[in-house]
Each structure stands twice: as C-alpha cells, then as structure tokens.
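Below: one structure, written as structure tokens.
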Amino acid sequence: MDTFVIATHNQKKLAELQRILEPLGISAVTAELEEVEETGKTFAENAFLKANAACKQTGKPAVADDSGLVVDALNGAPGIYSARYAGENATDADRIAKLLREMQPYPTPERSARFVSSICCVFPDGTVLRAEGTCEGEIGFSPAGNGGFGYDPIFFVGERSFAELSANEKDRLSHRGKALRIFAKVLQEYYFQSK
Ligand code: ITT
C-alpha cells in the first residue's frame, strides 16, 4: 500500500489522523505543505482542495480532513468556518467563548449539534476517494476537560465532553474516527479493484 501525506497544518488534528490511521494499516507521513485557501462551500469541497494541493506539491497520494461543528440553533454555524469563527488569529479559547455567548439564549433542548469530518484522498493519477463521518452531541454551558482540541471542551455526548474522554474513547465516537474507518474500507476496495 502507498504511504499517504497528511494534508493539515493543525498539529492536534494530525495526531488524531495518525493514531487512527495506523491501526487501520494506513501509513501516514507529514510534509512541509503550502497553505491552501479554503474557498469551498462544503466540507467535502475544502477537503478536496487541501488533498489535491498536497498531492500536486509532493507527487504522493494525500489525505485531508475538513471538519467542523454544526450547531442547529445557529442555523449550522460555525460549520465550515469553525477554524475561523472568532477571526484569523483567535485561539480555541476565543472560539469557545464566542460560541458560548451565541448559545446563551438557548436552553438544553435547543443545544443540539454535530461534528462533521469529511475525508478526501487524492492520488497522483487523479483518483479521488472520499468518506464522511458525523457525531451527534450537545453544546454545554461551560467548558469541561483538558483532552482533545478545538471545541471539544463544550461538545457533550451524554454526560461527558469530548475533552473528558480518553483518546481511544474519542476515536471510537468521533466524526473523524467514523470517517477514517469508512475511508479504510473505501481504500481497500480501491486497491482490490485496481489489481
Ligand atoms: P487544516 O485545514 O490545516 O487541516 P484546520 O484546523 O484549519 O486545519 P479545518 O479547516 O478542517 O482545520 O477546521 C476544523 C476546525 O473545526 C478546527 O480548527 C476545530 O476548531 C474544529 N474541529 C474539527 N474537529 C474537531 C474535533 O475533533 N474536536 C474539536 N474541534 C474540532
């Protein structure tokens, strides 16, 4: 099987992608990649833009994840703008604070949300493979836990936030874990058919 370049500049996301892909038998390496403008209107379009640019730049098959938090009460925001929700140089804490402020008017039954991960893999011959995963949850009223990254401290599945889960627990439930397990199957079929 090929070695895949992981097309991300987010170190925490990279760590998750590598730790989920490795047990699935998919070997993933990093590379110094140019920044790509995420001009797509969907997670899938942005994942393609990132994977395609990394494949073109390195000449190797490349895998990208475009992901985000979709909040029903906010009509799907921050969605594909999750990373930029509080401006370009903001921190995870800034983004969490902004989301909690926006969610202030909404009581528990109206705090439903989901994480979405769209995985795209582009091969040098132009082949494109895709997979998507979602995880349903609720936006909490204050941050809890120190694990994970991004919006994890305010995204609750049952009683615990994603930031309170172990890495294994998060990978089992998460949008990214689900998307990558589907991706592993799609990849297997691709290799099987191309033999
Ligand atoms: P790359 O594009 O370089 O991969 P990025 O952080 O900009 O890194 P995205 O454009 O896909 O990635 O934005 C995803 C944002 O959604 C991310 O920065 C987090 O704020 C949030 N997010 C995605 N997955 C998450 C997770 O598992 N836990 C918490 N927040 C997550």
Side-chain angles (χ1 to χ4, degrees), residues 4-21 28 30-55 57 62-71 74 76-100 102 113-122 130-140 143-157 160-180:
F4 295 84
V5 170
I6 303 294
T8 182
H9 291 95
N10 180 329
Q11 295 305 311
K12 296 273 177 72
K13 188 199 273 187
L14 173 68
E16 286 196 8
L17 285 162
Q18 285 187 310
R19 82 175 180 231
I20 301 170
L21 286 171
T30 56
E32 280 288 315
L33 297 170
E34 287 150 23
E35 201 66 58
V36 177
E37 230 195 309
E38 296 185 26
T39 53
K41 294 203 163 48
T42 61
F43 292 113
E45 280 174 25
N46 283 334
F48 171 77
L49 290 174
K50 292 187 270 191
N52 194 45
C55 178
Q57 196 194 317
V63 175
D65 155 293
D66 199 66
S67 47
L69 182 58
V70 175
V71 181
L74 305 179
I80 60 168
Y81 304 107
S82 292
R84 296 163 268 174
Y85 188 48
E88 285 298 330
N89 296 315
T91 62
D92 281 345
D94 297 331
R95 286 181 278 274
I96 285 175
K98 176 165 182 192
L99 189 58
L100 287 177
E102 301 285 339
R114 69 204 51 77
F115 269 127
V116 179
S117 162
S118 186
I119 300 293
C120 183
C121 174
V122 178
R130 298 177 186 283
E132 199 152 296
T134 60
C135 178
E136 299 287 334
E138 282 188 350
I139 304 303
N146 301 310
F149 70 100
Y151 297 91
D152 280 349
I154 55 167
F155 183 79
F156 284 74
V157 177
R160 286 188 297 166
S161 81
F162 258 14
E164 293 180 295
L165 303 180
S166 69
N168 273 344
E169 285 172 325
K170 180 177 175 186
D171 295 347
R172 218 170 37 235
L173 294 176
S174 82
H175 49 313
R176 190 163 296 108
K178 288 178 188 166
L180 290 174

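Quantities reported herein were computed from a predicted structural model and do not represent experimental measurements. Quick note: residue numbers are just sequence positions, from 1. In each ligand, atom 1 is the first atom listed, and ligand 1 is the first ligand listed.
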Are [X] and ligand 1 in contact, using a heavy-atom cut-off of under 4.0 Å?
X	result
D65	yes
F162	no
R84	no
G68	yes

Looking only at protein heavy atoms, which one is nearest to [atom], and what is the separation?
atom	answer
atom 28 (N) of ligand 1	D152 OD1, 2.6 Å
atom 14 (C) of ligand 1	S67 O, 3.1 Å
atom 16 (O) of ligand 1	S82 CB, 3.3 Å
atom 24 (N) of ligand 1	R176 NH2, 2.9 Å
atom 30 (N) of ligand 1	Y151 N, 3.1 Å
atom 1 (P) of ligand 1	T8 OG1, 3.3 Å
atom 18 (O) of ligand 1	A83 CB, 3.6 Å
atom 9 (P) of ligand 1	K13 NZ, 3.6 Å

Do any N or O atoms from the side chain of [X] and from the backbone of [Y] form a donor-acceptor pair under 3.5 angstrom?
X	Y	result
D66	S118	no
K170	G148	no
K13	T8	no
R160	L165	no
E45	K41	yes
Q57	E32	yes

Q. Can you tell me how far CG of D152 sits from OG of S161, rounded to the nearest 0.5 angstrom?
A. 7.0 Å
Suppose I only count heavy atoms of [X] and a 4.0 Å limit; which atoms of ligand 1 are within that range?
X	result
H175	24 (N), 25 (C), 26 (C), 27 (O)
G150	29 (C), 30 (N)
K170	26 (C), 27 (O), 28 (N)
D66	9 (P), 10 (O), 11 (O)
N10	3 (O), 6 (O), 8 (O), 18 (O)
K50	1 (P), 2 (O), 4 (O), 9 (P), 10 (O), 11 (O)

Q. Taking side chain as C-beta onward, heavy atoms only, is E35 less than 4.5 Å from H9?
A. yes
Q. So do L21 and F4 actually touch side chain to side chain, heavy atoms under 4.5 Å?
A. no
(Q) I want to know if ligand 1 touches R95 in the polar sense, i.e. an N/O pair below 3.5 angstrom. (A) no
(Q) With respect to E38, determine whether any N or O atom, backbone or side chain, lies less than 3.5 Å from an N or O atom of ligand 1. (A) yes
Q: Describe, in one word, how the ring planes of F115 and F162 are oriented to each other, choosing from parallel (under 30°), tilted (30 to 60°) and perpendicular (over 60°).
A: parallel
Q: Using heavy-atom distances, let me know which of F43, F115, F155 sits nearest atom 31 (C) of ligand 1.
A: F115
Q: Run the numbers on V71 and Y151 for side chain to side chain contact (heavy atoms under 4.5 Å, CB included), then give the verdict.
A: CA-CA 12 Å; V71 181; Y151 297 91; over 6 Å; no
Q. Just checking, is any N or O donor in the side chain of S174 or D171 under 3.5 Å from an acceptor N or O on the other one?
A. no
Q: Start with the C-alpha gap between L180 and E16, add the side-chain angles, then the distance that decides, and say whether side chain to side chain contact (heavy atoms under 4.5 Å, CB included) holds.
A: CA-CA 10 Å; L180 290 174; E16 286 196 8; over 6 Å; no
